[in-house]
4 protein chains.
Amino acid sequence: MVVVMSPDASDPQIDAVVARVREVGGEAFVSRGLHRTIVGLIGDVDDFRALNLRGMPGVADIIQVSTPYKLVSADHQPGRSTVQVGADSGVPPVTIGPGTFALIAGPCAVESLDQTLEAAAMAKAAGAALLRGGAFKPRTSPQEFQGLGKAGLRILAEAREATGMPVVTEVIDPSDVGLVSTYADMLQVGARNMQNYALLQAVGAAGRPVLLKRGIQATVEEWLMAAEYVAQRGNLDIVLCERGIRTFETSTRTTLDISAVPVVQRLSHLPVIVDPTHSAGRRELVLPLARSAIAVGADGILVDVHADPDNALCEGQQALAGADVRELASALRRLVPATERQPAAPDAVD
Amino acid sequence: MVVVMSPDASDPQIDAVVARVREVGGEAFVSRGLHRTIVGLIGDVDDFRALNLRGMPGVADIIQVSTPYKLVSADHQPGRSTVQVGADSGVPPVTIGPGTFALIAGPCAVESLDQTLEAAAMAKAAGAALLRGGAFKPRTSPQEFQGLGKAGLRILAEAREATGMPVVTEVIDPSDVGLVSTYADMLQVGARNMQNYALLQAVGAAGRPVLLKRGIQATVEEWLMAAEYVAQRGNLDIVLCERGIRTFETSTRTTLDISAVPVVQRLSHLPVIVDPTHSAGRRELVLPLARSAIAVGADGILVDVHADPDNALCEGQQALAGADVRELASALRRLVPATERQPAAPDAVD
Amino acid sequence: MVVVMSPDASDPQIDAVVARVREVGGEAFVSRGLHRTIVGLIGDVDDFRALNLRGMPGVADIIQVSTPYKLVSADHQPGRSTVQVGADSGVPPVTIGPGTFALIAGPCAVESLDQTLEAAAMAKAAGAALLRGGAFKPRTSPQEFQGLGKAGLRILAEAREATGMPVVTEVIDPSDVGLVSTYADMLQVGARNMQNYALLQAVGAAGRPVLLKRGIQATVEEWLMAAEYVAQRGNLDIVLCERGIRTFETSTRTTLDISAVPVVQRLSHLPVIVDPTHSAGRRELVLPLARSAIAVGADGILVDVHADPDNALCEGQQALAGADVRELASALRRLVPATERQPAAPDAVD
Amino acid sequence: MVVVMSPDASDPQIDAVVARVREVGGEAFVSRGLHRTIVGLIGDVDDFRALNLRGMPGVADIIQVSTPYKLVSADHQPGRSTVQVGADSGVPPVTIGPGTFALIAGPCAVESLDQTLEAAAMAKAAGAALLRGGAFKPRTSPQEFQGLGKAGLRILAEAREATGMPVVTEVIDPSDVGLVSTYADMLQVGARNMQNYALLQAVGAAGRPVLLKRGIQATVEEWLMAAEYVAQRGNLDIVLCERGIRTFETSTRTTLDISAVPVVQRLSHLPVIVDPTHSAGRRELVLPLARSAIAVGADGILVDVHADPDNALCEGQQALAGADVRELASALRRLVPATERQPAAPDAVD
């Protein structure tokens, strides 16, 4: 941490900063420049943060040098992590992480058993390793379909049986975490809830892998701090998911921050995947964005598929169907090997 | 709602759109232009939304003409609303809305009884009508102070007794809404939770006025849809609070969207206030932004005050103290009458 | 300047940074922390910038401590500057800066002599000190009205004669700077040209005061660097104009960054005004935003007025007319004194 | 174009809109809904735009249905365009467009003949079809290296001779367009000048292909309107270049809007390439972003290379060198065929 003093800071003000740092056992190195003095701090950042140094007289700015997250940081663990999903699910588990590429696919919302089984079959045929599907749907408008709830979870569990794919589904209320954990193999925290700390702590304590979507307003640093909330409860089985950020551009629903993938892979050991469907909000962009996610080096993608998107209850305009799903499968076959990975597949039985 | 067809849409594609609209009882007017055809829809927007028109072949775009919120819309109610806070609190209630200007002030976080009483006294001396203070604190980093919880609520209730000001405090977990409602007169939903629908529904059902902060990523329309979630549970006692949006500018923590105040006052009947403290994140900007909020026509402001900001446990660098609080009071005295309002004050006893 | 090394930077890498800094005569202080080492640099920032330190092995980040602008910086000059406009114009000059508030008003585009004289009369009646009007119009679409050019400049000069107000007008091509300087008293650089360095240098050399609008994409720091380009040519008669930045919010054309006014007043000695008209793009928001600009402490505002906005050739939907202009005058009379300034007026003749 | 009336618009107000549209020969279809009336307009959008309909009483909003650009629109031309660069350059020309992928590489700034020849050799070895290099550099800070000017152009021409690659270079002042056209085969308009209309018109008239970078603040629509300015001067040899937009995220210099590539390819017939170097601003992100640009379907990429980036005068921290250039070449060899294109190469001599 570096304290930047104002150009007009007095010596007693500088001394006061140094004294306050030393009170908590830190060291402070004063460098006097032509225009300003800076004070470099050595010690525990968490201690320093409680000192309100920014509010002290003569202090112009505080610069964070170390990252505010620890457990999820690349410094914390050599090499990149893998996350196993579905360990006790009755179907072969799947591993997400370096060396493989995971397609996660399924319907935006679970509407019925038939619709879910159809979408799951499409997903599997395209090479999916995991099945996604929403039982609890957070919707911007209270008039929109909010999901089937527990009935939806049961359908997902049936689809897992039928297809052999572990299931990931979203949880939106901390009090539902137990229920959702009973049925699902991986808990998704959606973009709107990325800073819902009650929920982050609840999923952190649930003993299930977590898929943590980036909030559309969140910096990469805030996203990793949200992951840290989960990790602090003892759960490091976290897969990050970039799904677009809010910008001024309106030709897409959000702007897919494709650069975030290599940025996160340098800052954190966690796997990171991309959701081209929700980022773009338009079916015709899903395939090119999926290809770009594979090539940039993401550890997987999350894609909506639906057998009859015209009649979907949720986001039908962005779900892939028919020929598009086959083209996605073809892109995976060509591009995953070209980026020196292989498709994620059920873990071999020992 | 207007359906814009692609330039190359065929007649059968246009007919299919018209047929689908008529199936749900809507009317569709087709206007054929030089390059494109547009279809104007008349009927219930909620019915149309379920039709997935955007996903139909030949459809280029769907344009919403009416607003997606109803209860909170200016169309729903003639004139602007007032919200009464503290009706059964044992202290005189306060009314927020047109014709008055409400100062809401207090510490960012409740740290102790003494600290809270000191800050409350400062707030009252500056002309505050309501006391704010955080017992449950959502923090970006899990290392930071998370609030005193229930003990903090008790302290706030004592401060209400001592000062006669009704109390507003944040709730962050749906399961705490009952507890917080026992102590507080107004429930704050913070910016990070603006799209936490479980929480919105819980506060909507709690029978307490709600202070709904705008998410830093939220458009005005999404903010009003969040208010609609609360209103749908039968609670129209909602005060909106602009607190800055996330932009590229880094010289302030967020960018105060001062234009949102007159925009919201045209779109909705609800009162709207401004939080200059959390928007700027820097003490020296709070006073100019508070003045700008008064002059733009906001119905109030929310300001952090602290007797000893250097030792505050939360956001000390942005709390007003001492001379700054007196200058705030002076600005209120000059500018509130100059914008033809009077300070909000405890309602006269009948 | 502070060099932040990577956690895994080696000693030889650190030594290489220190050696490179010393080569150009700088000093480097090394502080070794638990996780990282930082190197504080003392000396001429411009020398350091040429060193490509960011590209050296082991370097994680470079943190700028001092500002990249000098002449326009608050450190460069004690107190805030005033800018005199119209010194050799044949009409009494006007001074913009602390202690006064300048209304600058007129039509968006000069369309004809009559239209300009009418708008100028409205402006003067409302208390304007300067007349604005566009002769060269930068338009997003090549189909839109591009201005009258030289004929427009002549009309502005006639309007100056008729009303006694000095004239500010935009210049968009470096090769027009001489021509525009012949007719206008202040040269406006528009938001789209804020980083048009050829133009900045040309207006810097022209010997006329400059009104420098902030680019809708520009940080406050970049805006001040653009002003530095002008200042380096020997011209410090610069007035900054905040006119909204581009954000995700679409209910206004741009988002007025009202906080930028107090931020700039702390970073720079230059006067700063606000353009509520172009920021909002909607007439009904101009008055509230004008009030907020006065109250925040801006040194002036720039407002479009037009006698017949329904038939304006440029941005008629945002020009004030009739009762709105009178209400603007009334707001100025109430709020300028309430913020302890007086209206800018023609300088008294000695 | 659709005119949306306010909910409280009166019949005479609606009639006035219809009458005004008919005055200019347009047709207006009135659809009366439950809450609002909308008026669909048929005719010439340019005529309607001059009507100031948005400013008329009772009008709530104007919705553009057709695009504001024509010549560059996908509707204007069946199929996607190709742009030939270097037709009269003395070296074999190169074609950019569908079916091929063009690597454009070279130094950020021309510093000397040797440095340019070295970088050009690296570029050629990596498979580049065109050489880039800056002779006129627009720099945010006036303290930074501004380029060699005419001497730089001569060096580029020598490098073209030596390597057989046509040359693209930036022009920043309309008065330099003639000079730059004498030496360069393609004129680059930089991001900061995307709305510098004087410059757009000058390059449009110069008879050279144009590389038009997207402004960091520009929507896709505004970018295409800037291209329309060029096209209106009779020049449709335009290649668009996405180079990142400004967002709140600070871990990269700008946020590469990878989605813009397929979006533009649907809206316009012009080729579109990606500049991963300037978007990211950090060398370690260039390779993953280059891969993502290939896979998304861009028609090429623009990459900085430098033989000695540690001593580069411009942006050394982002230039590729040594092993990174070889890895880029390898990525091109694997991914270009996997997306069913072939590398752009000098056109075969007839």
Side-chain angles (χ1 to χ4, degrees), chain B residues 67 214-224 242 244-267 274 276 279-298 330-340, chain C residues 67 214-224 242 244-267 274 276 279-298 330-340:
Chain B
T67 60
R214 179 182 184 181
I216 62 170
Q217 83 293 351
T219 61
V220 164
E221 187 171 270
E222 289 166 345
W223 188 18
L224 292 172
E242 160 66 30
I245 58 174
R246 179 148 273 175
T247 72
F248 62 78
E249 178 56 56
T250 56
S251 64
T252 43
R253 185 192 288 163
T254 52
T255 298
L256 182 65
D257 183 6
I258 196 75
S259 316
V261 175
V263 166
V264 165
Q265 288 175 341
R266 276 153 187 75
L267 294 174
V274 168
S279 170
R282 294 164 50 191
R283 184 183 303 139
E284 68 268 30
L285 300 179
V286 174
L287 277 166
L289 294 181
R291 293 196 308 261
S292 102
I294 303 170
V296 87
S330 157
L332 288 162
R333 278 193 301 271
R334 281 176 287 122
L335 290 170
V336 171
T339 52
E340 286 156 27
Chain C
T67 59
R214 179 181 183 182
I216 62 170
Q217 82 294 351
T219 62
V220 164
E221 187 171 90
E222 290 166 343
W223 188 18
L224 292 172
E242 160 66 31
I245 57 174
R246 179 148 273 176
T247 72
F248 61 80
E249 177 57 57
T250 56
S251 64
T252 43
R253 183 191 290 164
T254 52
T255 298
L256 182 64
D257 183 7
I258 196 75
S259 316
V261 175
V263 166
V264 164
Q265 289 177 341
R266 277 153 186 75
L267 294 174
V274 168
S279 170
R282 294 165 51 190
R283 185 183 302 140
E284 66 269 30
L285 301 179
V286 173
L287 277 166
L289 295 182
R291 292 196 308 260
S292 105
I294 302 170
V296 87
S330 157
L332 287 163
R333 277 193 301 271
R334 281 176 287 123
L335 290 170
V336 171
T339 51
E340 287 156 26

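Letters go in sequence order (proteins before strands), and every chain restarts at 1.
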Engineer: Among Glu221(C), Gln265(C), Arg214(C), Glu222(C), who wins on heavy-atom pairs under 4.5 Å with chain B?
Structural biologist: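 Max contact count across the listed options: Arg214(C).
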Engineer: Would you indicate whether the side-chain heavy atoms of Ile245(C) and Thr247(B) approach each other to under 4.5 Å?
Structural biologist: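 Side-chain contact under 4.5 Å: yes.
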Engineer: With only heavy atoms counted, which part of Ser259(B) is less than 4.5 Å from chain C, the side chain, the backbone, both or neither?
Structural biologist: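 Its backbone and side chain both get close to chain C.
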Engineer: What heavy-atom pair brings Val296(B) and Arg291(C) nearest, and what distance separates the two atoms?
Structural biologist: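 Here Val296(B) and Arg291(C) meet closest at O-NH2, 3.2 Å.
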Engineer: Which distance, rounded to the nearest 0.5 Å, do you find between the CD1 of Ile258(C) and the OG1 of Thr255(B)?
Structural biologist: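 Going from CD1 on Ile258(C) over to OG1 on Thr255(B), the span is 12.0 Å.
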Engineer: Identify which of Leu289(C), Leu287(C), Leu256(C) forms the greatest number of heavy-atom pairs closer than 4.5 Å to chain B.
Structural biologist: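 Looking at each option in turn, the highest pair count goes to Leu289(C).
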Engineer: Counting only non-hydrogen atoms closer than 4.5 Å, does Ala218(B) touch chain C with its backbone (N, CA, C, O), its side chain (CB onward), both, or neither?
Structural biologist: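 The answer is the backbone of Ala218(B).
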Engineer: Which answer fits Thr252(B), side chain, backbone, both or neither, if we ask what part of it has an atom under 4.5 Å from a heavy atom of chain C?
Structural biologist: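 For Thr252(B), side-chain heavy atoms alone lie under 4.5 Å from chain C.
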Engineer: Relative to chain C, which segment of Arg266(B) carries a heavy atom at a distance below 4.5 Å: side chain, backbone, both, or neither?
Structural biologist: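 Answer is side chain: those atoms of Arg266(B) sit under 4.5 Å from chain C.
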Engineer: For Glu249(B) and Val220(C), work out which heavy atoms get closest and say how close.
Structural biologist: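 So the two residues come closest at OE1-N, 2.8 Å.
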Engineer: Are side-chain heavy atoms of Ser251(C) and Thr219(B) found at a separation under 4.5 Å?
Structural biologist: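 SC-SC contact between Ser251(C) and Thr219(B) ruled out.
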Engineer: With chain C as the partner chain, list the residues of residues 331-338 of chain B whose heavy atoms fall under 4.5 Å from it, by residue number, and write 'none' if nothing qualifies.
Structural biologist: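 Answer by number: Arg334(B), Leu335(B), Ala338(B).
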Engineer: The criterion is side chain to side chain contact (heavy atoms under 4.5 Å, CB included); which residues satisfy it with Arg282(C), sequence neighbours excluded?
Structural biologist: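 Here the qualifying residues are Val263(B), Glu284(C), Leu285(C).
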